[in-house]
Structure formats: structure tokens, C-alpha cells
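This structure is a prediction, so every number in the text was calculated from the model and none was measured. All residue numbers in this chain count up from 1 along the given sequence. What you see below is based on every heavy atom in this structure, not just the backbone, and it leaves out hydrogens, waters and symmetry mates.
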Amino acid sequence: MAPTSGKPSAAEALKAEGNALFARGKFGAAAELYTQAITLDSGLAVLYVNRGLCHKKRGAWEAAARDGAAALALHSGLLKAHYVRGAALLELGDLPGAISHLGRALEAARESGDVIKDEVWRLLARAKHAQWRAAHEARAAGDAVLHAALAGALRAAGGVEAGGADERQQEQEQPQLETQQPQQLETQPLQQEQPQPQQPQQPQQPQQLGKQLAELFERAARMDTPGEVPSCFTCPLTHELFREPVVTPAGFTYEKAVLLEHLAKVGKFDPITRAPMTEADVAPNTALRTALAAYLDEHGWAWGEVAP
């Protein structure tokens, strides 16, 4: 039902009062005013976003998630609705949902230039790193079970004990062959040496297979072990992972916010080459951003390098 005459303006007035209280840190009181405004105009998505932000500040994550969903039902592309719901789902442990909403919030913030993008990036990094850590622990546990099962199967097929028995039998047979060889040389005439047929390759002993198995699992574990992020993916000024890499005419890449601050406060020149330049000369380094995204997908531990 459409709001009657006068109600939208009353809802806007309540929203303005709520905003003023929010700015003063009165999140509970602000949420009450937003609720009153919603009763007057339930179709205003920003009211749910604002109330969701109050819930977020107070740590009421389930309520924040509900308000984020309600706002998105009215406006599916609302940046802060995705932000509120993504932040709430992160705290509630829904990592796939959090990553989805925070990812959409980050893209929208980058397009609009909203200052919230840095906080969204850090929340997304938390979610991605938590997702990698959970997967890493699951892989490690699964690998341990698989390693133990394969090692047990090797032992059952003739492991260390069986291998030792085979070796002892070969040692016992060897002297007998050596004592037979001189007799054969004395009683048999010399014959032209014939080419020996190629012997089939002997199967590997269980001990060898066990060693190779252990090495295989060690290599797999190293691939999933945190290391050092390549320097090409970090800003030369902050040494932190790039969020929005931009390139200068001199060919150097910096974090956008850091470079713009340098141009505004230090001087209109490239920080490394000191070649003259302005903000108009800055261009997004989309190729590097794409490469960094691919690197982070393959090395989830690197999300933990994002500054908190």
C-alpha cells in the first residue's frame, strides 16, 4: 500500500534525526527512530540499511543480516546493503555468503569511489583467509587419513617386514649361485656370448614406495604452506598487498590512495623517479589487479597479509 500524504516526509524527518544520533554514537536510539520511519514508509531501502548499520555497531549480527536482506529485496544493487549483510554473515560464520556480498560491495565501492571500500576490502580479506584456513585444515586432516591408509595398504602388501624377508631369502640364494658358477665353467665348453634378453623392470619394493609416498605428501603440504608474497603484488611505498593498483607515466605501480595522498601533500611527482606528474596521469593497472586476484585464488593464505 502506498504511503498516505505526509507520511514520506515524516519518515524522512525521522531518518534525519536517526542519522544525527548515529553520528553521535547513539546507535540504539538511532535504530528506534529508523524503526519508526520504517512503519511509515516500509519501501525505503535506506532505512533498513541505516538500522542495519546500527545493529552492526552494537554487534547484533542476526538483526543486521536481516536488515541487509530486507534492503536488498527492495534494491538489489545497494552498496551498503551488501556491506551490512556481508559483514554480518562473516561474524555469523557464513563465509560463502559473506564473500559473495562483500565482493559485490567492493566492486560497487570501487566504481563509485566510496571511501568504505578500504573497510570492505579488509572484511573480504578476513572472510577469504578464514575460508582458506578452514579448507587447509580439512585438507590436512584428509591427507593424514589418506596417508595412513595408503601406508597401511603398503605394509599389508609386503612392507618393511615382508621386504626384509625377501632380502634375506635373496642373500641366502646368492652364495649358492656363486658356488655353482665355477663348476659350470669347468664342464661346459666356451660358447659365443649371446645377447641377453632385456629383463623386465623389477617392481619397486614397498619400502621405496613408502618413501615416495611420504615425499609426495610433503610436497603437497608445502604447496599449501604460507610463504612470502611476491613483491610485484605489494605497493613499494607501503609494502602491503595492492587493493587498487595504479600506474604512473614512468611505469611504476602504487596503491591508488597512497599515491594520491603523495601528490596532494608531498608534491606533483612520481615517488620513485620524481618525474613530474598529476592525478590526471594516473591510470588503473587492471592487468596487475587481475594477476593478483588469480594469485590470491591459488594462495589463499596470502589474504592474511592484508593489514587489519
Side-chain angles (χ1 to χ4, degrees), residues 56 59 61-62 64-65 68 82-110 116-155 159 208-236 238-245 253 255 285-308:
K56 176 181 176 296
W61 301 114
E62 291 184 358
H82 282 294
Y83 162 68
V84 167
R85 183 158 175 78
L89 293 178
L90 173 59
E91 298 298 334
L92 293 171
D94 182 356
L95 297 178
I99 289 169
S100 175
H101 286 287
L102 291 171
R104 294 188 63 179
L106 181 60
E107 289 304 315
R110 282 172 171 168
I116 202 174
K117 62 178 179 276
D118 287 343
E119 184 178 355
V120 175
W121 167 258
R122 288 180 171 84
L123 288 174
L124 180 61
R126 271 185 57 202
K128 289 272 195 176
H129 188 254
Q131 186 181 56
W132 167 81
R133 188 170 58 248
H136 168 70
E137 292 172 355
R139 282 192 297 270
D143 287 352
V145 172
L146 179 59
H147 191 184
L150 292 174
L154 282 175
R155 287 194 297 271
Q208 294 175 311
L209 291 175
K211 181 180 179 181
Q212 292 177 353
L213 180 65
E215 292 174 349
L216 176 64
F217 278 93
E218 287 175 4
R219 287 196 299 271
R222 283 197 298 270
M223 292 177 63
D224 208 21
T225 301
E228 185 175 356
V229 177
S231 60
C232 63
F233 294 135
T234 61
C235 175
T238 65
H239 303 289
E240 294 180 6
L241 279 178
F242 280 117
R243 300 187 297 277
E244 281 191 275
T253 299
E255 181 59 39
N285 193 335
T286 54
L288 181 58
R289 198 170 92 180
T290 301
L292 174 58
Y295 179 84
L296 290 171
D297 283 342
E298 294 181 4
H299 305 82
W301 54 264
W303 284 105
E305 298 296 310
V306 176

J.: Any non-hydrogen side-chain atom of Y83 less than 4.5 Å from a side-chain atom of E119?
T.: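 Answer yes - side chains close enough.
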J.: Output the distance between atom CH2 (W121) and atom NZ (K128), rounded to the nearest 0.5 Å.
T.: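 Going from the CH2 atom of W121 to the NZ atom of K128 covers 9.5 Å.
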J.: Could you pull out the closest heavy-atom pair between A127 and I99, with the gap in Å?
T.: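 Residues A127 and I99, closest heavy atoms: CB-CG1, 3.7 Å.
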J.: Specify whether H299 and W301 have parallel, tilted or perpendicular ring planes, treating 30° as the upper limit for parallel and 60° as the lower limit for perpendicular.
T.: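 Perpendicular, since the angle between the ring planes exceeds 60°.
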J.: Would you call the rings of F233 and Y295 parallel, tilted or perpendicular if under 30° counts as parallel and over 60° as perpendicular?
T.: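 Because their plane-to-plane angle lies in the 30° to 60° range, the rings of F233 and Y295 count as tilted.
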J.: Do L102 and R122 have side chains that get closer than 4.5 Å, going by heavy atoms?
T.: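 L102 does not reach R122 side chain to side chain.
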J.: Specify the closest pair of heavy atoms between A87 and K56, including all atoms of both residues, with the distance to one decimal.
T.: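 Heavy atoms of A87 and K56 come nearest at CB-CE, 3.9 Å.
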J.: So, for H129 and G300, which heavy atoms are closest and what is the spacing to 0.1 Å?
T.: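 Answer, listing the atom of H129 first, then G300: CD2-O, 3.9 Å.
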J.: To the nearest 0.5 Å, what is the distance between CG on L241 and CH2 on W303?
T.: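 Interatomic distance, L241 CG to W303 CH2, rounded to 0.5 Å: 8.0 Å.
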J.: Taking the side chain as every heavy atom from C-beta outward, state whether R126 and E91 have any atom pair closer than 4.5 Å.
T.: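 R126 vs E91: side chains touch.
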J.: Heavy atoms only: give me the nearest L92-E62 pair and the separation to one decimal.
T.: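 Heavy-atom minimum between the residues: CD2-CG, 3.8 Å.
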J.: Between the main-chain N or O of T286 and the side-chain N or O of T290, is there a donor-acceptor pair closer than 3.5 Å?
T.: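 Flag set: sc T290 to bb T286 pair under 3.5 Å.
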J.: How close do A64 and V84 get, heavy atom to heavy atom, and via which atoms?
T.: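 Closest pair (atom of A64, atom of V84, distance): O-CG1, 3.4 Å.
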J.: Roughly how far, to the nearest 0.5 Å, is the CG atom of L124 from the CG atom of L106?
T.: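 Rounded to the nearest 0.5 Å, the CG-CG separation comes out at 6.0 Å.
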J.: Determine whether a donor-acceptor pair (N or O, by modelled atom type, separation under 3.5 Å) exists between the side chain of R110 and the backbone of R243.
T.: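 Between the backbone of R243 and the side chain of R110 there is a qualifying donor-acceptor contact (under 3.5 Å).
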J.: State which residue, out of E107, E244, E255, fulfils the salt bridge (Lys or Arg N to Asp or Glu O under 4.0 Å) condition with K117.
T.: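 The option that passes is E244.
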J.: Can you see which heavy atom on A65 is nearest to which on R85, and at what distance?
T.: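 For A65 versus R85, the nearest heavy atoms are O-NH1, 2.8 Å.
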J.: To the nearest 0.5 Å, tell me how far L123 CG sits from D118 CG.
T.: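 It is 11.0 Å, given to the nearest 0.5 Å.
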